[in-house]
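Just the heavy atoms: all of them, side chains too, but no hydrogens, waters or symmetry mates, feed the values below.
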Amino acid sequence: MNKHENIYSMKGIGKVYRFTVLQTLKNITYLLSLIMMIIFMGAIGPINYLLTNTQEKSMKEGDILNDLTSEKIMILNDTDIKFDMITEDSFSEKEGGLKKEMITFYQAGEKSEDELISSLGKKDSLVVIKLGESGYKVSGIIGNDSEVKTNEINDITDLVNSQFLDARMKDTGISEADIMKLSQGVKDEGAVLQSEYKDELEKTMTGASYSTYMTGFSILIFLVITLSNSYVITSVTEEKQSKLAENILVSVRPMALLMGKIFGMLTYVFMILVGGLLATKASNLLMENVFNIDLSKINNGGVINMSLFSDSGIVTTIIVVVTIVFGVLSFSVLAGIFGSACSKPEDTQNATGSVMMIAMVGYFASFMLGTVDKDVWNMVLTYIPPFSYYSMPVMYATGRIGLPEVGLALAIQLAVLVVVTMLCAKTYRTLVLSDSSTPKFMTIIKSLKA
């Protein structure tokens, strides 16, 4: 290579980009993947609604709240809205309901939240209904040394949430503004220890809902990264093995050749995301206006719905977009490096496996550690790539981290992208023109030293 040649030159990137986009859309496999992912993202809301309704029906048909560990259940309506309809009888009269003698109901002002939390015994449960600017929360709280089963407090909060909504529909004395707040309610699923309750108040989604959103978003990012990596590695190795790369590099600079492919695939990824967002919006409008379905049962039901990000404001949308761009670019550049080190057809599978191993580590760690939802693991998943590509946007959208943490996480992601791109610029041309059969990692290191 000419020592005076600019290794970062992007001459010819436009031609490669246009060619990549057209070839991708002409490829029947990628075209079907585009259509199927858009349909999946649009259909996940209705699917979740059906699953939620089925679960609620089975809960009503079964006597799920019999044989409780809890001996005392306190329910605090810690809002300024008085509900005459919500009493102990509301919870004991329903099939599978609570025994009246187990319940103590408190309206706001009768007892404080802190007072009730500090009084929790080993077999006590506390359910708190709070109202904020963006809606309400129903939180199930148990003592630090509680003997109450986690699934039991889940069932109790489900019942309280149901009755709270029923009372909202029946009580005509509630103002229109308060009804709007209640209709945007957010139900906390899962038990909260009394020592962790204050921290949980800042989160807009917890328990099973948060866990499944984390898993769902991780799957989405993993799929788009997989599609991008597969295309880049296959394209690079085919050009190298057919000797086509030698002819192309006469008129197109090495980095422009690779980055044109990557930006072409990035465009394909955004077609999926934009199409999925529009499909989600369309399915939400259809369910709300045609079938009169309460969207809170879907958006808080615990399955990924792109509305979580678009409805959270422009800042959240920007964070999601930038994170996806950094993630796809970083993995695609890495895929280009490994693909350019392949000299035989069988090397392609090994190269794909090497890159996908890194992607899978990030994917599995994100949904496994993310569901634990502890501060120490949340920080790891927020700041350290590749985990942060899968986790950080969900953590911001659900109130676990703020803008300063997001800024630092994006800065780290950008630094990783710059380092990987510089490595690629120094090695790509040498590797793609080499017929060396040296193991890939050693080939890359030797090329970098050269």
Side-chain angles (χ1 to χ4, degrees), residues 6-38 41 220-242 244-278 320-342 348 351-352 355-356 358-359 389 413-414 416-418 420-425 427-429 431-433:
N6 182 2
I7 61 174
Y8 302 106
S9 173
M10 291 295 169
K11 181 181 177 181
I13 188 174
K15 295 179 181 179
V16 179
Y17 169 79
R18 289 189 293 272
F19 177 80
T20 300
V21 173
L22 290 175
Q23 288 299 110
T24 303
L25 295 179
K26 289 179 181 178
N27 186 301
I28 187 65
T29 301
Y30 283 98
L31 187 59
L32 286 175
S33 297
L34 172 67
I35 295 171
M36 290 177 65
M37 289 189 70
I38 290 175
M41 291 166 66
L220 179 63
I221 299 302
F222 182 73
L223 287 175
V224 297
I225 286 176
T226 300
L227 286 170
S228 303
N229 288 347
S230 176
Y231 178 86
V232 171
I233 290 178
T234 302
S235 178
V236 170
T237 54
E238 284 179 353
E239 289 174 358
K240 177 178 179 178
Q241 291 161 11
S242 65
L244 183 61
E246 296 179 7
N247 296 325
I248 296 176
L249 290 177
V250 173
S251 56
V252 178
R253 292 295 177 260
M255 277 298 289
L257 176 60
L258 178 60
M259 296 308 292
K261 298 176 188 296
I262 292 173
F263 282 115
M265 282 307 299
L266 194 58
T267 300
Y268 172 80
V269 166
F270 274 97
M271 288 180 186
I272 293 174
L273 296 177
V274 172
L277 177 59
L278 294 176
V320 172
V321 170
V322 173
T323 301
I324 292 174
V325 169
F326 285 173
V328 171
L329 285 178
S330 297
F331 276 101
S332 296
V333 172
L334 194 63
I337 297 174
F338 276 86
S340 65
C342 298
T348 303
T352 303
V355 179
M356 292 311 300
I358 301 173
Y389 303 128
Q413 291 179 7
L414 179 60
V416 170
L417 175 59
V418 169
V420 175
T421 303
M422 291 178 66
L423 172 64
C424 181
T427 61
Y428 184 73
R429 180 187 177 99
L431 291 171
V432 83
L433 296 177

| From CG (Leu278) to CG (Leu273), nearest 0.5 Å | 11.0 Å
| task | Would you check if Val333 and Met259 make a side-chain contact, meaning some heavy-atom pair closer than 4.5 Å? | result | yes
| To the nearest 0.5 Å, how far apart are CG in Leu417 and OG in Ser332? | 10.0 Å
| Taking the side chain as C-beta and beyond, is there a heavy-atom pair between Tyr389 and Val416 under 4.5 Å? | yes
| Heavy-atom closest pair, residues Met265 and Thr24 | SD-OG1, 3.9 Å
| request: State, yes or no, whether a side-chain contact exists between Lys261 and Val236 at a heavy-atom distance under 4.5 Å. | output: yes
| request: Would you mind reporting whether Asn229 and Met356 have side-chain heavy atoms less than 4.5 Å apart? | output: yes
| remark: side-chain contact (heavy atoms from CB on, under 4.5 Å) test vs Ile272 passes for just one of Leu227, Ile35, Leu223, namely Leu227
| field | Polar side-chain atom of Ser340 near backbone of Ile337 as donor-acceptor pair, under 3.5 Å | value | yes
| Any side-chain heavy-atom pair from Met10 and Met255 closer than 4.5 angstrom? | yes
| Side-chain contact, heavy-atom cut-off 4.5 Å: Met37 with Leu220? | yes
| request: With rounding to the nearest 0.5 Å, note down the distance linking CD1 in Ile324 to CG in Leu329. | output: 11.5 Å
| Contact check, side chains of Tyr231 and Asn27, non-hydrogen atoms, under 4.5 Å | no
| Reported CZ-to-CD1 distance for the pair Phe331 and Ile225, which is rounded to 0.5 angstrom | 4.5 Å
| field | Side-chain H-bond candidate by donor/acceptor type, Tyr17 with Thr267, under 3.5 Å | value | yes
